[in-house]
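What follows is a set of notes on a single structure, which appears directly below.
Here the structure is a predicted model, which is why all the values come from computation and not from measurement.
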Amino acid sequence: MKWYRVELHTHTIASDGIMDPEELAKRGKKRNYDAIVVTDHNTTTSCNAVAEKGKKVGLVVVPGIEWTTFWGHIVVSGGHSTVDWRSINLDNIDEKMAAARKSGDIVTVAHPKRPGTPFCSECRFLYKLKDWNNVDAYEVWSHYNPSLAEDTKLAKKEWSNLINEGYKIAPVYGYDWHEPDEDGPAYAYTYVGLDDELPLTPENILQAIRDRHTYLAMGVNVVASILVDDKEFFFGDEILAKQATIKLQAHVSSDYKKRFDVEVKGLRIYKNGKMFLAKKWEGEEIEIPVDLDCKNIRVELYGAVDGNDCDIAILSPIYIVKRGKKGL
C-alpha cells in the first residue's frame with residue numbers, strides 16, 4: 001500500500017479564505033500535498049478553477065463543500081451530491097448525510113469540539129445523529145498544534161467512544177486552511193492509503209477513506225500493517241482472526257523537520273479503547289504479537305513537536321469481526 005498526503009479541508013476567496021485558486025494550488029504543492037479537497041463554505045464555485053491550477057503544478061484536486069449550518073459544519077467531498085445545505089436542520093441531518101453518501105460523496109464531521117460563538121460561529125458540532133453510520137470520517141485533529149489543543153483532545157475522545165460503540169469511522173485531520181500560514185504553528189497531515197497499482201485520483205481517494213485507510217501524523221511517516229499467518233492487512237481493515245502481529249516503522253519526514261523539531265518517543269496500543277501496551281520506541285522496525293480478543297485494536301505514536309510532548313500519529317483501527325468479506 002502506498003500512502004499519500006491529502007489535505008481534506010481547504011478554503012479560497014470564494015468563501016472566507018484569502019488565497020485564490022492559483023495560490024491555493026501552488027502552496028498546496030509547495031507544502032508537499034499529493035492532493036487537496038476544496039471545501040469552501042456553502043459553495044463549490046472555486047472547485048473547477050483549483051482543479052485546473054492543480055493540473056499545472058501536479059496536484060490532484062477533489063471537489064467538495066463545507067456545509068456550514070447553525071448547528072455545526074460538515075465537509076462533503078467528491079462533488080457528486082446535490083443536497084441543498086439551506087434545507088438542513090436538526091431533524092433531517094441524518095437523511096441529508098445519507099443522501100450525500102448515496103450520491104458517491106464522503107461525509108466528514110468537521111472540528112466537532114471547536115468552541116462556538118463568539119470564537120467560531122457555529123463551529124461546534126451540535127447535531128444529535130440518530131445513526132453515525134452516515135459518517136465516513138471524523139476530524140479527530142484540526143488546525144494548529146492539533147494534538148495539544150483542548151478541543152481536539154475532546155474530539156479524539158468522542159471518536160474513540162464511537163469506535164468502541166461499533167461504528168467504523170476513518171480518523172482524519174483537517175487543517176481548515178484559509179491563509180498561507182507559512183510561519184504559523186505546527187500542523188499535521190492526513191495520509192490516505194491506496195493499493196500500489198492504483199493511481200492517485202479523486203475517486204480512489206474517496207474510496208480509500210470509505211475503506212478507512214487513513215492515519216494522521218505530525219511530522220512522521222508511518223509504515224504499518226497487521227499480519228495474520230502469511231497474509232497482510234492494513235489499519236482500517238476488517239479481519240477474522242484470533243492472533244496477529246502488528247508491524248510498525250516510523251521516521252521523521254525530512255521536509256517537516258525543516259520547519260518543526262520532531263521526535264518519536266514511543267507507542268501505545270489500545271484494545272476496545274483500553275490501553276493494552278505502552279512502549280518506548282524510536283521508530284525502528286518492530287513486530288508486536290497480539291491476541292485479537294477484542295472488537296477493535298488501534299495504535300498511537302507519541303513523541304514531541306518543538307519540545308512539547310504530544311501524540312504524533314493516530315492510526316485507523318483494525319476491526320475484528322466474526323464474519324466479513326475482508327476476513328480470513
Side-chain angles (χ1 to χ4, degrees), residues 1-9 31-34 137-149 152-153 155-157 159-160 163 169-175 185-194 208-209 211-226 233-237 246-271 273 275-288 290 296-319:
M1 181 164 286
K2 187 172 181 180
W3 295 90
Y4 298 90
R5 288 176 175 174
V6 182
E7 177 46 56
L8 301 170
H9 192 158
R31 197 169 281 193
N32 291 321
Y33 294 123
D34 297 298
Y138 183 105
E139 283 187 4
V140 178
W141 285 353
S142 61
H143 213 39
Y144 301 136
N145 292 317
S147 67
L148 291 173
T152 49
K153 291 178 182 178
K156 176 187 168 185
K157 182 177 180 180
W159 170 75
S160 179
I163 297 304
I169 303 172
V172 297
Y173 164 77
Y175 184 48
Y187 53 86
Y189 289 106
T190 297
Y191 288 82
V192 173
L194 273 61
I209 298 171
D211 292 338
R212 303 171 299 276
H213 289 154
T214 64
Y215 74 87
L216 41 152
M218 293 185 69
V220 291
N221 296 329
V222 183
V223 179
S225 60
I226 189 161
F233 294 88
F234 297 95
F235 283 81
D237 282 343
I246 293 174
K247 188 174 181 180
L248 283 172
Q249 187 175 7
H251 64 271
V252 176
S253 307
S254 58
D255 60 331
Y256 196 90
K257 68 182 180 182
K258 292 177 181 178
R259 299 187 61 185
F260 309 106
D261 183 29
V262 183
E263 183 181 0
V264 181
K265 292 186 177 182
L267 62 88
R268 295 185 289 260
I269 300 177
Y270 296 84
K271 291 182 178 181
M275 191 182 296
F276 159 69
L277 175 69
K279 180 181 179 63
K280 291 183 178 179
W281 178 66
E282 296 181 350
E284 69 277 8
E285 186 171 330
I286 189 173
E287 293 188 1
I288 303 170
V290 291
N296 65 74
I297 189 165
R298 63 182 184 85
V299 175
E300 297 176 359
L301 309 185
Y302 65 89
V305 178
D306 285 347
N308 296 308
D309 288 338
C310 59
D311 294 343
I312 58 172
I314 297 175
L315 280 62
S316 192
I318 282 278
Y319 299 92

Original post:
Looking only at atom types and distance, does a side-chain atom of Thr214 sit under 3.5 Å from a main-chain N or O of Pro171, one as donor and one as acceptor?
Top reply: yes
Original post:
Does the gap between the ring centers of Tyr256 and Tyr187 come in under 6.0 Å?
Top reply: yes
**OP:** Give a yes or no answer on whether the side chain of Trp159 reaches the backbone of Ile169 with a donor-acceptor pair at less than 3.5 Å.
**Re:** yes
Original post:
Regarding Lys265 and the six-membered ring of Tyr302, is the cationic atom NZ or CZ under 6.0 Å from the ring centre and inside 45° of its axis?
Top reply: no
**OP:** Tell me, yes or no, whether the heavy-atom count around Glu282 atom CD, taken from other residues, nucleotides or ligands under 6.0 Å, exceeds 12.
**Re:** no
**OP:** Classify the angle between the aromatic ring planes of Tyr189 and Tyr191 as parallel (below 30°), tilted (30 to 60°) or perpendicular (above 60°).
**Re:** perpendicular
**OP:** Could you tell me whether Asp237 and Arg212 have a side-chain N and a carboxylate O separated by less than 4.0 Å?
**Re:** no
Original post:
With a 4.5 Å heavy-atom cut-off, do Leu248 and Glu287 have their side chains touching?
Top reply: no
Original post:
Any salt bridge between Glu7 and Arg31, counting N to O under 4.0 Å?
Top reply: no
**OP:** Could you tell me whether the side chain of Trp281 reaches within less than 4.5 Å of the side chain of Val264, counting heavy atoms only?
**Re:** yes
Subject >> N-O pairing of Glu139 and Lys156 below 4.0 Å >> reply: no
**OP:** Taking the side chain as every heavy atom from C-beta outward, state whether Ile314 and Val140 have any atom pair closer than 4.5 Å.
**Re:** yes
Original post:
Should Thr152 and Ser142 count as side-chain neighbours, where that means a heavy-atom distance under 4.5 Å?
Top reply: yes
Subject >> Validation row: Gln249, Asn221 side chains within 4.5 angstrom (heavy atoms) >> reply: no
Original post:
Is it true that Asp306 and Arg259 have a side-chain N and a carboxylate O under 4.0 angstrom from each other?
Top reply: no
**OP:** Establish, for the pair Arg5 and Tyr33, whether the NZ or CZ atom is under 6.0 angstrom from the six-membered ring centre and no further than 45 degrees off its axis.
**Re:** no
**OP:** With the side chain counted from C-beta on, respond yes when Val290 and Phe276 share a heavy-atom pair under 4.5 Å apart, and no when they do not.
**Re:** yes
